[in-house]
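Below is one structure, written out as structure tokens; comments come after it.
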Amino acid sequence: MIERRTIVSLIESCGSMRQLKQLHALAVVSGLARDVVPLSRLVEFCADPARGADLAYARALLLHLGRAPTTHMHNSLVRALSLGPDPAAALSAYRDMLRSSLAPDHFTFPFALKACARAPAPAFGRCVHARVVATGFGADVYVATALVHTYVSCGDAASARRLFDAAPNRNVVTWTTMIAGYVDNGRPSDAVSLFREMVEAAQVEPNEITMVHALAACAQSRDLDSGRWVHDTIAHLEFDPVGSNVVLATVLLDMYAKCGNLSTARVLFDRMPQRNEVSWNALIGVYNQHGQTDDVLRLFGEMRSTGCKPDNVTWLGVLGACANKGLMALGQGVHAYLEKTNSRKDVNVCTSLMDMYSKTGDACSALRIFHTLNGRDVLAWTSMIIGLAKHGHGKDALKLFKEMEEGGVVPDHITFIGVLTACSHAGMVEEGQMYFNSMRSVYGIKPTVKHYGCVVDLLSRAGHLAEAESLVRAMPIRPSIMIWGSILTGCEIYGEVGMAERIGQSVAELNPQCSGLYVLLSNIYAGAGRWHGVEMTRRLMWQKGLKKTHGSSSTEVKA
DNA sequence: TATTTTCCCC
């Protein structure tokens, strides 16, 4: 006969369903088949996809026990399913449990709520919530925390906060969950306030995970003052954030970098006793955002020489640098390397490759990758739409946009930049205006100054200059200098010197240091043979000490 | 209960 403790540990270290069935048989002959603990372990194993899940077997175990299944066993099933690839299955197991008139306990609810959080369906969350209220388990700190987590996962930070405030018992995890919830829902200043309250008023000591989220909040809101304060607070807890915890050090350096303090970020990075690929990626991302491509590539080289293996995010950074600096040869090299090593194609990496090819002038290669891509997301479609639009294939870009919609992928505000650019480059005025209007009416996307810029560009290129001007005057956002530039360029093309003069002068008054404006005006005068105007503009520039800025291009040319 | 992440008018 075998002991209960032995069979439990055998099940826990079991490697396959086949072995598990043997262990089940062993449990039966040992008279342990009705024992709650080994049975729960059996159920957990069957429901765990990482170990070759067999849910049918798990359910069969519960049905044919020869004894009534206990709450504990059902909990095991709910928990295992809540962690698997189909969390919704945990909810049906939870419902089975209620139907079999077993009483849920303080373990059941956190498992069921975990499933609700992973498969965000507010209706399910509210159902479980109602049952928690009815059974009085809301006083349990694990249940209360799981409820908060469920609501933030469903995007309802306000309800989460009400539950948080009403919870009779809160621990550091409850606080952390609420703080992280604010960050995930794009409310970083609420996250920082709550962290402040936690430290100053509630005097609950934050742990390392709380600190990570508090710093992430400061990074998200680019709030350096709060970031320094959080850093200070951490330091006062007799704790070395840089030396002892890679994750915390990484998010700390990322916070400084995102808040514009690149040098502190670098110092922290250099002081880290160990770094993982995420730390390298964070710094690479920072240099990319600052356009410091050389540093990106140097860092990438250092990363490899220290033996840290690049992951997909690393490749996004390197390819982004190639795209922005026109480094096609390097980009191709990365592509060749990825073809050899990364057999499974990551949609993000492919999008980055497409973008690199588009920006270095090879639209064909971009298209080739796009066509072989499975599971295209909005970024992949958008990247290709913009790529085509910029290469003068406006009609194809719009065709792609329609295809994307038919495929059920929802466009975002950047997709519309591509769509409007396509219309602009193809001279499709009416379509462009139609798409612009549909942004708000159909998709609920508020146009930004960039979208207005596209439409003004579209109207100006097509010679609808008066319409372009009235659109700019009616804009709810302050027009950028670039927008006026579009109109002036239109004036240049269509010889509207009078209009250019009127607009140019009023814009120059507001932006006296913008040299491009004077150059544009001077060109317009020259085009119309108004040499006096040219002379006047040049003199004006000279008086203001402005220099013509020279254009630069950074596309690599094959030797 | 944890960190990085690609699409943006010229």
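Each chain gets a letter, A, B and so on, in the order its sequence line appears, and its residues count up from 1.
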* Reckon A/I414 touches a base, only the sugar-phosphate, or nothing at all at heavy-atom distances under 4.0 Å? -> base
* Evaluate side-chain hydrogen bond (donor to acceptor under 3.5 Å, both in side chains) for A/T351 paired with A/N348, printing each intermediate quantity in order. => CA-CA 5 Å; A/T351 300; A/N348 300 319; 5.5 Å; no
* Asked: With a non-hydrogen cut-off below 4.0 angstrom, is A/N348 in contact with a base, only sugar-phosphate, or nothing?
  -> base
* First and last nucleotide of DNA chain B touching chain A, 5' to 3', heavy-atom cut-off 4.0 Å? -> B/dT1 to B/dC10
* Going by heavy atoms in the side chains, are A/M272 and A/T250 under 4.5 Å from each other? -> yes
* Any chance you could lay out the ring pair (Phe, Tyr, Trp, His ring centres under 6.0 Å) test for A/F164 and A/Y151, step after step, and finish with the verdict? => CA-CA 10 Å; A/F164 176 86; A/Y151 278 95; over 10 Å; no
* Looking across every strand, which nucleic acid part, if any, lies under 4.0 Å from A/T421 by heavy atom: base, sugar-phosphate, or nothing? -> sugar-phosphate
* Using the ring of A/Y337 (Phe, Tyr or Trp, six-membered ring only), decide whether A/R304 places NZ or CZ under 6.0 Å from its centre and within 45 degrees of its axis. => yes
* Within-4.5 Å side-chain heavy-atom neighbours: A/V204 and A/N171 -> no
* How would you label the contact of A/H451 with the nucleic acid (heavy atoms, under 4.0 Å): base, sugar-phosphate, or nothing? -> nothing
* Structure fact -> Contact check, residues 262-273 of chain A vs DNA chain B, heavy-atom distance under 4.0 Å, returns none
Side-chain donor/acceptor pairs under 3.5 Å, residues 215-222 of chain A, sequence neighbours excluded:
from: A/Q220; atom 1: NE2; to: A/V183; atom 2: O; distance (Å): 3.2
from: A/S221; atom 1: OG; to: A/A217; atom 2: O; distance (Å): 3.0
from: A/R222; atom 1: NE; to: A/A219; atom 2: O; distance (Å): 3.0

* Contact class for A/D377 (heavy atom, under 4.0 Å): base, sugar-phosphate, or nothing? -> nothing
